[in-house]
Every structure is written in C-alpha cells, then in structure tokens.
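Convention: sequence-line order gives letters A, B, ...; per-chain numbering from 1.
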Number of protein chains: 2
Amino acid sequence: MDEVGAGARRAATAMAAASTAAKNEALLALARRLRAAGPALAAANARDLQAATGLDAPLRDRLKLDAKTLATVAEGCEQIAAMPDPVGEISGVKRRPSGIAVGQMRVPLGVFGMIYESRPNVTIEAASLAIKSGNACILRGGSEAIHSNLALAQLVADALEEAGLPRAAVQLIATTDRAAVGLLISRPEFVDVIIPRGGKSLIERISREARVPVIKHLDGNCHNYVDAEVDLELAVRVVDNAKTNKYSPCNATESLLVHAVQAAAFLPRIGAIFAAKGVEMRGCPRTLALLGPLQGARLAAATEADWGEEYLAPIISIKVVDSLDEAIRHINRHGSHHTDAILTTNHPNAMRFLREVDSASVMVNASTRFADGFEYGLGAEIGISTDKFHARGPVGLEGLTSMKWVVLGQGELRS
Amino acid sequence: MDEVGAGARRAATAMAAASTAAKNEALLALARRLRAAGPALAAANARDLQAATGLDAPLRDRLKLDAKTLATVAEGCEQIAAMPDPVGEISGVKRRPSGIAVGQMRVPLGVFGMIYESRPNVTIEAASLAIKSGNACILRGGSEAIHSNLALAQLVADALEEAGLPRAAVQLIATTDRAAVGLLISRPEFVDVIIPRGGKSLIERISREARVPVIKHLDGNCHNYVDAEVDLELAVRVVDNAKTNKYSPCNATESLLVHAVQAAAFLPRIGAIFAAKGVEMRGCPRTLALLGPLQGARLAAATEADWGEEYLAPIISIKVVDSLDEAIRHINRHGSHHTDAILTTNHPNAMRFLREVDSASVMVNASTRFADGFEYGLGAEIGISTDKFHARGPVGLEGLTSMKWVVLGQGELRS
C-alpha cells in the first residue's frame with residue numbers, strides 16, 4: 001500500500017499539470033480500447049461469473065460485462081472528453097485596496113480512493129472522472145469482480161500511457177484482502193478523499209473508521225409535499241412518476257405529505273394509481289379514512305418508524321399535514337437530506353420550501369427521480385453526497401476539485 | 001452537551017431561515033452592546049487576568065480586553081453587517097433537455113464548533129461570522145479566558161434576542177472540563193464542522209480524534225522563489241517584506257529559493273538587509289559561498305530539516321536552484337501547502353508556478369504576508385485551511401456555507 005500510495009501521489013502531480021489535450025486523448029484512447037477489447041474482457045468476466053455461482057441473479061446481472069455495458073461505458077468516456085476541463089478555471093479576480101489582484105483557481109483534489117462493490121463498469125466511470133479532473137485515484141472493487149476489474153484497469157493504464165500520462169494515475173488494488181481497505185482509508189498522506197459506493201453498512205463502517213474525508217451517500221428517504229394551492233393533474237402525474245418510475249433508486253420517493261385542504265381531492269386519485277400498480281400505502285389516520293373505500297388498495301396504518309424508512313420497494317408512507325410549516329418540519333426531522341419536492345402553484349411557498357428544506361436537492365413541481373448527475377448536466381457522477389461539507393448531492397468533475405487562491409501583484413508590500 | 005447540541009440544531013434551523021435584516025440588526029446590536037459594556041467586561045476580564053498571574057507576558061497580553069480591543073471587535077461586527085448576505089444566492093441555473101431548470105443555492109452548513117485558546121476577541125469574531133452566515137455555533141474557549149468569554153457570550157445572546165433570533169444560535173460551553181472538547185468533536189448529529197484555532201499540538205490532537213469534518217491550519221512554511229528573469233529591485237523589496245514585516249504570523253516567509261543565474265546578483269543584496277535586521281541565514285553550500293564575505297551576517301549551513309521548518313522567528317533557509325522545475329518540486333515536497341510566491345517577469349513561468357505549486361495561496365510578485373482574510377476581501381476569517389477538501393486558505397463567510405441543488409419544474413417526469 002505504501003508503494004501504491006506514493007505512486008499515486010507522484011502521478012497526481014503529473015495529472016494536475018497535464019494538458020487538457022492529453023487528458024482527452026487518454027479518454028478517447030480508453031473508449032477505443034474498451035470497444036476493441038471485447039473478447040479479452042469477456043474471458044476475464046467469465047472467470048468472475050463462474051466463481052459467482054453462489055450469488056443470486058440480480059447480483060450476477062450487475063457483475064456482467066456484456067457488449068452493451070461496454071458500449072455504454074465507452075460512450076461515457078467520450079462524453080467526458082467532450083466536457084470542458086474544470087482544472088485551471090480562474091474566477092472572481094478582484095483588485096484589492098493594497099493593489100494586489102486576488103482570485104481563485106480550480107485545481108484537482110489530488111488522490112481519491114474509491115471502494116465499491118460488484119459492478120465493474122464503476123472502474124471505468126471512476127477512472128474517466130479521475131483523468132478529466134486531473135486527479136489520481138486508487139480503486140478497490142469487490143472481490144467478486146476482481147478479474148474483470150484487473151482487465152479494465154489494464155486498458156486504463158495502456159490508454160494513459162498512449163497519451164503520455166502516468167500509468168499510476170489510476171491504480172486498482174489487486175488484492176481482495178480486506179486489510180487493504182483499512183490502509184486506504186487511514187493514510188491522509190496518500191489519499192485526499194474516500195468515496196465509498198455500496199451498501200449502507202459498508203458506507204457506515206468506512207465513515208466511522210476513515211481518517212481521511214469521505215464523500216458519502218446514506219439513505220434516500222425522499223418526500224413529495226402536495227401544497228394547499230396546487231395543479232392537481234400535475235401533482236398526480238409527478239407523484240406517480242416519483243414513486244413508481246423505478247422503486248430501487250435512492251431518488252425514488254418514499255413518503256408523501258398532503259395539505260389537509262387538498263387531501264380529499266388528491267389522495268383518492270393518487271391512491272387509485274398506487275392501488276392499480278400494487279403499491280402498499282402506509283397512512284396516518286386521516287389518510288386511511290380517505291383511502292379506506294378504495295377498491296383493491298393495500299392499506300396499513302403508518303407507525304412512527306415508517307416516516308424514517310427508505311423502502312426501495314412498492315411501499316409509500318402518506319401523511320396529511322395542516323400547513324407548509326408542518327411539512328417542512330416533518331421533512332427536516334424524518335428525511336435523509338437527499339431530495340425533496342413541493343408540488344405547488346404558490347410562489348412564496350415554493351421559495352420557502354427551497355430555502356428551508358435542508359436537503360441536497362430541493363425541487364418545485366418536478367419528480368425527485370431527476371436527482372442525478374446526468375440529469376443535472378454534470379456529465380457523470382462519481383457519487384451522491386448526503387453530507388453538507390465540500391459537496392452536496394450529485395458529485396461530478398467539480399466535486400473532485402477545490403479552489404486555491406491566486407494573488408497577482410506588482411511588488412506590493414504588506415504594511 | 002446533549003442539551004447544548006440539540007439547542008444548537010434547533011437554533012440553526014431558525015438562523016438558516018432568518019432574514020438578512022434580522023441578522024444585520026443582531027450584528028449592529030452586538031457592536032452597540034460591546035461599546036457600552038466596557039466596565040462590566042473589564043471586571044470579568046480582571047478576574048481572568050488575576051487568575052493568570054502564572055502566565056508569561058505575551059499570553060497575558062493576548063488575554064487583555066481593553067477599550068481598544070473592544071472597539072476593534074465592535075467595528076468588525078459592523079463591517080460584517082455591511083457585507084452582502086451569502087445565504088440564498090442562487091447561481092448557475094440552466095435548463096436541461098428534460099425541461100427542468102437546475103441551479104445551486106448557497107445555504108449555511110448548520111452548526112460549527114470552535115475550539116480556541118486565550119484571546120477572548122475570537123468569541124466575538126466567531127459569533128459575528130456565525131450570525132451573518134446563518135449558522136449556529138458552539139464555542140469552547142480556553143479556561144484562562146472563561147470569565148471574559150462568558151461575559152461576551154451574554155452580550156451576544158442579548159443582541160440575538162433583541163433582533164428576534166434564538167439566543168442558542170451562539171452558545172459558549174461554560175465548563176472548562178476537557179471532556180467537553182471530546183464531546184464537541186465526536187457528535188456529527190450536533191456539529192457539522194469543527195474549527196480549532198491554537199497551537200499545533202491542539203490542532204493535531206483534534207484532527208486525530210474528530211468524528212466530524214475539521215477546518216484546520218497546521219504549518220505555514222511559506223516560500224519565495226526568485227526566478228531567472230526578475231526585476232531585482234522588486235524582488236529585494238518583496239522578499240524583505242515577506243520575511244521581516246512580522247516574524248510570528250503563519251504567512252511570513254520561512255524559505256528562499258533563488259535561480260542560479262540570479263544568485264550572485266540577488267543574494268548579497270537581500271543578505272545585507274537580513275544581516276542588518278539580525279535575520280539568521282541557513283544556506284545551501286552555494287548560498288554560503290556567495291554570502292560568506294558579508295559583514296556581520298549570521299550564517300549557518302542548512303540541514304535537510306531546515307527545508308521543512310516553520311521558524312516563526314528571524315531565521316530563513318536559503319537554497320540556490322537550477323530551474324523553475326526544481327523550485328516547484330522543492331516547494332511541493334518541503335512546503336506546507338500554505339502560501340508560496342514567485343518573483344518573476346516571465347509570464348509562462350508565472351503561470352506554471354500558479355498552476356503547479358500545490359498550495360492554498362500562490363502568488364506572483366507579491367508578499368506572502370498578504371495571505372489573510374481581510375487582505376483577500378473576505379471581511380473576516382474564521383480560520384485558514386491548509387487542507388484541500390471544502391475550503392482552502394483563508395475561510396470567511398462562504399467557507400461556512402455549502403451549495404444545495406434547486407430544481408424548478410413544470411411537472412416534468414423522468415422517463
């Protein structure tokens with residue numbers, strides 16, 4: 001690990017100074033190599049799949065590196081190559097009374113570590129974001145994907161070399177030894193930030209034990225609040241999409257709050273849709289009174305625990321509230337600070353919701369499912385942060401940089 | 001501590017939603033109360049000074065809250081009131097192909113904790129930055145200043161109440177029990193970031209033990225590099241100022257690198273100034289050969305340890321280098337990533353230095369002594385960060401905020 005860390009530090013210096021042209025050349029070379037490497041990658045992937053016969057079907061699916069997956073990640077590399085280089089941007093330059101001009105320059109963070117499970121395409125996503133943002137990275141994928149990841153890392157190193165950049169800019173830890181994780185998260189001299197992606201228990205353990213900063217994503221308990229003044233048609237469409245478009249992503253809605261004056265009009269309509277789609281509704285007493293008559297609805301009384309639950313399943317908790325204030329209080333107390341939306345036609349209420357709901361993404365009249373790096377125009381995301389320090393929400397290239405101060409003088413002295 | 005923490009969280013919610021007018025009213029009320037409270041504060045301060053008879057003179061001096069200190073901190077509050085409110089700023093709003101408009105809104109971090117030593121005016125600086133940035137804070141000053149700090153915290157709470165803001169927005173831990181520090185740095189549910197200010201050992205201990213993010217400042221081993229192409233007059237003036245303007249601040253220069261082609265012209269001139277001011281010069285062999293003939297100069301051979309030393313004293317290390325590359329490598333290896341300056345007339349060299357020197361502040365033709373929140377126009381600084389994550393260099397109001405995503409839709413759905 002000392003050797004990997006020292007190599008990453010040296011590579012980071014070269015990457016920070018690398019030209020945009022060289023970084024883009026590496027990304028395009030990587031895309032080309034991914035498209036050409038089909039058979040070799042298939043063999044490596046087959047070894048992982050063979051060893052994974054014990055895994056259940058969805059996990060095996062995530063492990064699979066087929067032609068379609070490879071085309072998608074190759075295209076991702078090309079998209080990142082086409083994006084503007086975030087490094088070197090100078091902003092906010094102002095002349096000060098002393099005569100110096102002061103501004104800020106965007107620079108890479110240095111070395112990031114990434115710990116992730118099963119999906120080998122994450123190896124390429126992380127590598128391509130590292131290259132474009134001028135960082136080095138140390139990757140630690142899951143043991144179940146080790147052969148696929150090693151083959152992919154080889155392509156990355158070759159592409160870097162082809163562009164005249166250091167092979168060590170992207171290093172994959174070749175061992176599946178768990179002790180490597182402990183080293184990766186405890187050496188600030190080698191690693192500037194750790195990005196874990198995987199199950200909640202992995203992320204909680206890393207956050208607890210890390211001695212370097214962590215960009216982490218815990219729960220996604222996302223809310224929709226239907227306000228007293230609302231376009232009911234629009235609200236029904238958006239809430240339906242936010243809940244039922246897909247149940248497993250972290251930006252799927254898990255809880256619905258409805259202002260009392262709209263409850264009788266809104267709940268039976270959305271309830272009928274949820275009932276038709278087999279979504280279980282766990283409601284407060286007022287909700288149950290309104291939905292009780294609904295044919296074929298799966299209804300249950302919500303417990304206190306339901307308000308804090310991330311179901312990732314066809315279940316939604318529903319509560320009738322008496323005011324915007326109650327909705328905001330409820331979300332800030334029970335939510336996970338991920339993504340929350342208000343459905344309203346009232347401008348002051350929209351603005352209060354945006355300002356006072358303490359979440360990484362706050363939305364007006366849009367589906368929470370939009371909380372995503374691609375949808376936000378970041379090109380790609382290295383992760384989603386539910387913390388407030390450094391970066392919130394989807395983290396793209398800019399989240400892998402920081403701003404240093406630049407001072408341009410003509411011999412000014414401090415008095 | 002649980003009570004203090006829960007109170008801070010509640011207050012943070014109110015502060016985040018507070019109007020700019022109310023926050024400014026609190027700051028102006030605080031300035032007024034500071035000016036009016038002279039006698040009461042003097043009595044509290046006298047108790048601390050009485051108990052501090054064991055301290056040496058400089059420490060007792062820093063503890064003193066005289067009329068001049070109070071006038072300065074009151075003026076600081078008024079200056080912060082006059083600054084623009086960072087909270088609520090919305091930037092970068094762009095319409096996406098899906099139809100949604102996506103941008104970012106600047107919001108407070110929540111609750112910051114501050115741990116500091118002796119100088120009671122830090123209590124007011126922290127309180128005023130917390131108020132303007134819409135955060136709550138928990139302050140833990142040194143035991144030697146406890147009576148002064150309690151009296152000041154009382155004024156802050158009264159000023160907050162006068163403006164209709166929660167008294168708990170700024171809380172001072174009344175106990176001098178060291179266990180309180182341990183709690184303050186280990187409860188992410190109460191504290192979003194810890195800012196320690198004090199000696200290096202305090203800061204290292206807190207960084208090691210903290211379970212919440214830390215904005216920290218370690219060494220300030222600042223460099224001046226005199227390039228091959230340079231205005232010698234200007235370079236002599238700036239290097240003199242950077243080293244001798246004041247020896248104790250972290251932005252004072254500790255190490256001087258000179259390109260070989262300028263060494264014979266530059267070193268005897270700056271050496272004569274240093275000799276006259278009693279600055280000891282620890283040089284490489286080439287430096288010593290050039291400075292040997294100098295009358296009255298205190299010369300010594302630099303050891304490897306000298307290149308990494310933060311003297312905070314009339315001592316400077318000096319090395320002759322053969323290229324800009326060698327200078328950049330030396331600074332990135334031995335420096336502390338605080339502030340480093342190049343003296344040059346060559347534009348490409350200036351740009352390479354700015355980009356490749358991995359420090360929080362990089363300067364061209366200006367004194368490193370300018371690395372300071374006031375000089376940079378931040379109004380005030382809560383601290384200086386030598387880390388890259390979240391904030392680098394002087395940290396002002398913006399460093400106490402983060403950006404959340406706002407999405408404005410008209411009923412868009414994710415497909």
With a 4.5 angstrom heavy-atom cut-off, is it the side chain or the backbone of [X] that approaches chain B, or both, or neither?
X      : result
A:F374 : backbone
A:D231 : neither
A:V357 : backbone
A:P394 : both
A:L400 : neither
A:A210 : backbone
A:S207 : backbone
A:M105 : side chain

Let's test your reading of the structure: which of [options] forms the most heavy-atom pairs below 4.5 Å with chain B?
options                        : value
A:I215, A:N332, A:L109, A:I90  : A:L109
A:D372, A:V212, A:L343         : A:D372
A:S367, A:A360, A:G393, A:A391 : A:A360

Which residues in residues 92-100 of chain A have any heavy atom lying under 4.5 Å from a heavy atom of chain B?
A:R96, A:S98, A:I100
Taking a cut-off of under 4.5 angstrom between non-hydrogen atoms, the residues of residues 11-19 of chain A near chain B are A:A16, A:A17, A:A18
So which of B:V362, B:V238, B:V364, B:V102 has the biggest tally of heavy-atom pairs under 4.5 Å with chain A?
B:V362
Sort and list the pairs that fulfil side-chain hydrogen bond (donor to acceptor under 3.5 Å, both in side chains) and have at least one residue in residues 404-415 of chain B, not counting sequence neighbours.
A:E375-B:R414
By a 4.5 Å heavy-atom criterion (distance strictly below it), what part of B:V236 contacts chain A: side chain, backbone, both, or neither?
neither
Pick one of side chain, backbone, both or neither for B:T339, based on which atoms fall under 4.5 Å of a heavy atom in chain A.
neither
Taking the side chain as every heavy atom from C-beta outward, state whether B:L408 and A:L354 have any atom pair closer than 4.5 Å.
yes
Spacing of CZ belonging to B:R211 relative to CD belonging to A:E209, to within rounding of 0.5 Å
8.5 Å
Rounded to the nearest 0.5 Å, the CD atom of B:E398 sits from the CE atom of A:M403 at a distance of 9.5 Å
Side chain to side chain donor-acceptor pair (under 3.5 Å) partners for B:R369, two or more places apart
B:N245, B:N251
Quick one: does A:R355's side chain have a donor or acceptor within less than 3.5 Å of a partner on B:V107's backbone?
no
Apply the side-chain contact (heavy atoms from CB on, under 4.5 Å) test between A:K388 and each candidate in B:V193, B:D192, B:T401; give the one that qualifies.
B:D192
Smallest separation among heavy atoms of B:A366 and A:V407, with atom names
CB-CG1, 4.0 Å
